[in-house]
S.K.: 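Below is a structure I'd like to ask you about.
To find a chain, count down the sequence lines: A is the first, B the second, and so on, and within it residues start at 1. Treat the numbers as computed from the prediction; the structure is a model and nothing was measured.
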Number of protein chains: 2
Amino acid sequence: MEKQTVTIYDVAREAAVSMATVSRVVNGNPNVKPATRKKVLAVIERLDYRPNAVARGLASKRSTTVGVIIPDVTNIYFASLARGIDDIAMMYKYNIILTNSDDASEQEVNVLNTLMAKQVDGIIFMGNHVDDKLRAEFKRAKAPVVLAGTVDPAGDTPSVNSDYAAAVEEAVTNLINHGHKKIALALGSLSQSINTEYRLAGYKRALNKAKLPYDDALVYEAGYSYDAGKKLQPVIADSGATAVFVGDDEMAAGIINASMESGINVPNDLEVVTSNNTIVTQITRPAITSITQPLYDIGAVAMRMLTKLMNDKELDEKAVILPYGIVRRDSTKSDEGETVN
Amino acid sequence: MEKQTVTIYDVAREAAVSMATVSRVVNGNPNVKPATRKKVLAVIERLDYRPNAVARGLASKRSTTVGVIIPDVTNIYFASLARGIDDIAMMYKYNIILTNSDDASEQEVNVLNTLMAKQVDGIIFMGNHVDDKLRAEFKRAKAPVVLAGTVDPAGDTPSVNSDYAAAVEEAVTNLINHGHKKIALALGSLSQSINTEYRLAGYKRALNKAKLPYDDALVYEAGYSYDAGKKLQPVIADSGATAVFVGDDEMAAGIINASMESGINVPNDLEVVTSNNTIVTQITRPAITSITQPLYDIGAVAMRMLTKLMNDKELDEKAVILPYGIVRRDSTKSDEGETVN
DNA sequence: AATGCTATTGAAATCGCTTTCATGAAAATA
DNA sequence: TATTTTCATGAAAGCGATTTCAATAGCATT
């Protein structure tokens, strides 16, 4: 009953050549006489031979598999990166072992180890925080690691990101130009470096440039969810802020819906800018002005870098920064001199 | 420079035992004297030995890896299933090789073959259409296959789904009870069996039961996207339909936004019910009444079934149907006798 | 003390492929 | 024709585990 597997040995026997020769034709090695190649290919076809990738991996020490660590596949932000990663991986004939980490440090280390055990040729890591333990594991790993959409200010792990700080700075500057004096900043956990070292930094720079005072009380640390946004809205309203930059689209949607429902008009009473330009930004009313990031490309570039690393090539740049943009929608007033499309 | 790998042989030598014994302690085989086990474990610890999963896979013919074929990770519907799959897989110590198929038949077959080459122990397939070619490949595969959130009316591949037909029937019946005579049905491709064999069937059953005529012209085949919904809205409006069942949440959001913006009030002029209860249904105004499906669980149960199959156990049920629900929100009027929470 | 078991352990074969190295044949050069 | 070179090919050694089977040792039994 058990299906019989055809091995390279069977092919060799049937084609009356050695395993080495079969291996050569399977791997496209040019040192095979055309006639022999043809004969072998015919047998391969006839027997429906499929090379066993595991055996191949053991012998060649390359698994043509890369590990991808993602906080949560159902998070569209990371899923978009993952899509870019997979497309490029497929293009280079790699497969992806995908594992969810839930951003939990322990789990991340765990997963990293099982990936190494599976002999992945490389690893792409996505997460919100890279700590010492993780950094140590990266170093320990025999396979190269690339961070995608993930910052590690301390480490020297290759990475691909967009310029989060500059994006926030520009967005907040736009708000300042609209005359706002009190601009709130609604983020997720402040223990995540993207928030403190980049978004918060960009926010501060914008204030500084405009000689506006920085007020701790206007910086909110909440969860990244629709409900968190709804809950946060009255707090923001009480603060007297007339504009807010939000780190997550669903959260922004919560703030907008709660505002509109409590009689606070967006954008007239409160301008809102968000970060990820997901479909949510188009669906809310008003639709939300957002930073745009080339998520797919971040993943794609990260994977491309990884392929280089896996082939022992040098990287042109270790920390790639892809350009961001800002799409104006109806949650903000038009910028000065803005051309309407 | 190249990092040295510690093999089972190194451990055996250091611990002055045979590889077989090391293998036994690594695999928790009880036939090892406690003292020996302790000694070996100490060496493993000291050398920081990690078993090579590839070698293990070759020798044992089990890779503890399962293949997951998904149309697109960035599709929240399938990503939710994937999350359930991965969690259970992890619980059973399996890893997931995830590949996007874009629902393209050729690509699916391709991917299936590379998964088999990688010696996955099992496969979970998600897709919108299972055709003959694919069915043939499933049969040909040595590893068991389970469909998650994917129907194959023709095949006998084990599967986990919710009762799409009954859900639509109930939703449409509710609409009928609100007095509607012309109810539109907005779906994605009608070549997908979930649409024709289930949703359309449920729709027809509801009409039938209510002795309402079925009208082809009220069934729309469009893309599953926000923009498709926006474009479809005027068409629906022209049809004279006063209610619509939609197969996708973003599409429903498009219909709602376009309606409201053209002066058609939802739910007063048009009631809308959608299918997937994603976050989108909470964000629109009005929020959208939706069918709910236990997506995570569908994935989780599928993976659990697969583990049984991979261990040559019998399945209690081949086609598991998980219960659906309906959440009423503001895009429909309250049902008769409905208790408001 | 002789015998029979059972609990531990090791030797060696395998898993299916890659890759090095040697070899014979064919082609090129002298 | 003799001597190099180049091409094609095969033999065999791994890769790093698992697993079967035989062997040894320690104990309990009589």
S.K.: If a pair satisfies ring-ring contact (aromatic ring centres under 6.0 Å, His included) and one of its residues is in residues 29-60 of chain B, list it, with sequence neighbours excluded.
M.R.: none
S.K.: Taking only residues two or more places apart in sequence or in another chain, which ones pass salt bridge (charged side-chain N to carboxylate O under 4.0 Å, His left out) with B:K318?
M.R.: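 Once residues adjacent in sequence are excluded, B:K318 has no partner under the salt bridge (charged side-chain N to carboxylate O under 4.0 Å, His left out) criterion.
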S.K.: Which pairs would a plain distance check flag for residues 73-86 of chain A, meaning a side-chain donor or acceptor within less than 3.5 Å of a matching protein atom at least two apart in sequence or in another chain?
M.R.:
residue: A:T74; atom: OG1; partner: A:D72; partner atom: OD1; Å: 3.0
residue: A:T74; atom: OG1; partner: A:D72; partner atom: OD2; Å: 3.0
residue: A:N75; atom: OD1; partner: A:Y77; partner atom: N; Å: 2.8
residue: A:N75; atom: OD1; partner: A:F78; partner atom: N; Å: 3.4
residue: A:Y77; atom: OH; partner: A:Q293; partner atom: OE1; Å: 3.3
residue: A:S80; atom: OG; partner: A:I76; partner atom: O; Å: 2.7
residue: A:R83; atom: NE; partner: A:D87; partner atom: OD1; Å: 3.1
residue: A:R83; atom: NH1; partner: B:D72; partner atom: OD1; Å: 3.2
residue: A:R83; atom: NH1; partner: B:D102; partner atom: OD1; Å: 3.0
residue: A:R83; atom: NH2; partner: A:D87; partner atom: OD1; Å: 3.1
residue: A:R83; atom: NH2; partner: B:D102; partner atom: OD1; Å: 3.3
residue: A:R83; atom: NH2; partner: B:D102; partner atom: OD2; Å: 2.8
residue: A:D86; atom: OD2; partner: B:N100; partner atom: N; Å: 3.2

S.K.: Could you run down nucleotides 4-16 of chain C 5' to 3' and tag each one B, S or - for protein heavy-atom contact under 4.0 Å?
M.R.: ----SBBB---BB
S.K.: Considering all heavy atoms of both residues, which atom of B:M90 and which atom of A:Q107 are nearest to each other, and what is their separation?
M.R.: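 Shortest heavy-atom separation between B:M90 and A:Q107 comes out as SD-NE2, 2.9 Å.
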S.K.: side-chain hydrogen bond (donor to acceptor under 3.5 Å, both in side chains) with A:D297: which residues, sequence neighbours excluded?
M.R.: none
S.K.: Measure the angle between the two terminal helix axes of the helix from C:dA1-D:dT30 to C:dA30-D:dT1, five base pairs each, and quote it to 10°.
M.R.: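 Computed angle between terminal axes is 40°.
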S.K.: Could you pull out all residues at least two apart from B:T307 that satisfy side-chain contact (heavy atoms from CB on, under 4.5 Å)?
M.R.: B:Y92, B:Y94, B:M303, B:M310
S.K.: Going by the rule salt bridge (charged side-chain N to carboxylate O under 4.0 Å, His left out), which residues pair with B:D10 if we only count those two or more places apart in sequence or in a different chain?
M.R.: B:R13
S.K.: Excluding sequence neighbours, so at least two apart, what forms salt bridge (charged side-chain N to carboxylate O under 4.0 Å, His left out) with B:R304?
M.R.: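 Checked B:R304 against salt bridge (charged side-chain N to carboxylate O under 4.0 Å, His left out); zero matches.
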S.K.: Applying side-chain contact (heavy atoms from CB on, under 4.5 Å), can you list everything that pairs with B:A302, at least two apart in sequence or on another chain?
M.R.: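 B:A302 satisfies side-chain contact (heavy atoms from CB on, under 4.5 Å) with B:I124, B:V146, B:A148, B:V160 once adjacent residues are dropped.
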S.K.: Identify all side-chain donor-acceptor contacts of residues 60-69 of chain B below 3.5 Å with residues at least two apart in sequence or on another chain.
M.R.:
residue: B:S60; atom: OG; partner: B:R56; partner atom: O; Å: 2.7
residue: B:S60; atom: OG; partner: B:R62; partner atom: N; Å: 3.3
residue: B:S60; atom: OG; partner: B:R62; partner atom: O; Å: 3.4
residue: B:R62; atom: NH2; partner: B:N311; partner atom: OD1; Å: 3.4
residue: B:S63; atom: OG; partner: B:T65; partner atom: N; Å: 3.4
residue: B:S63; atom: OG; partner: B:Q119; partner atom: O; Å: 2.7
residue: B:S63; atom: OG; partner: B:D121; partner atom: OD1; Å: 3.4
residue: B:T64; atom: OG1; partner: A:K118; partner atom: NZ; Å: 3.1
residue: B:T65; atom: OG1; partner: A:K118; partner atom: NZ; Å: 2.9
residue: B:T65; atom: OG1; partner: B:S63; partner atom: O; Å: 2.9

S.K.: For chain A and DNA chain D, what are the first and last nucleotides along the strand, 5' to 3', with at least one atom under 4.0 angstrom from a heavy atom of the protein chain?
M.R.: D:dA8 to D:dG16
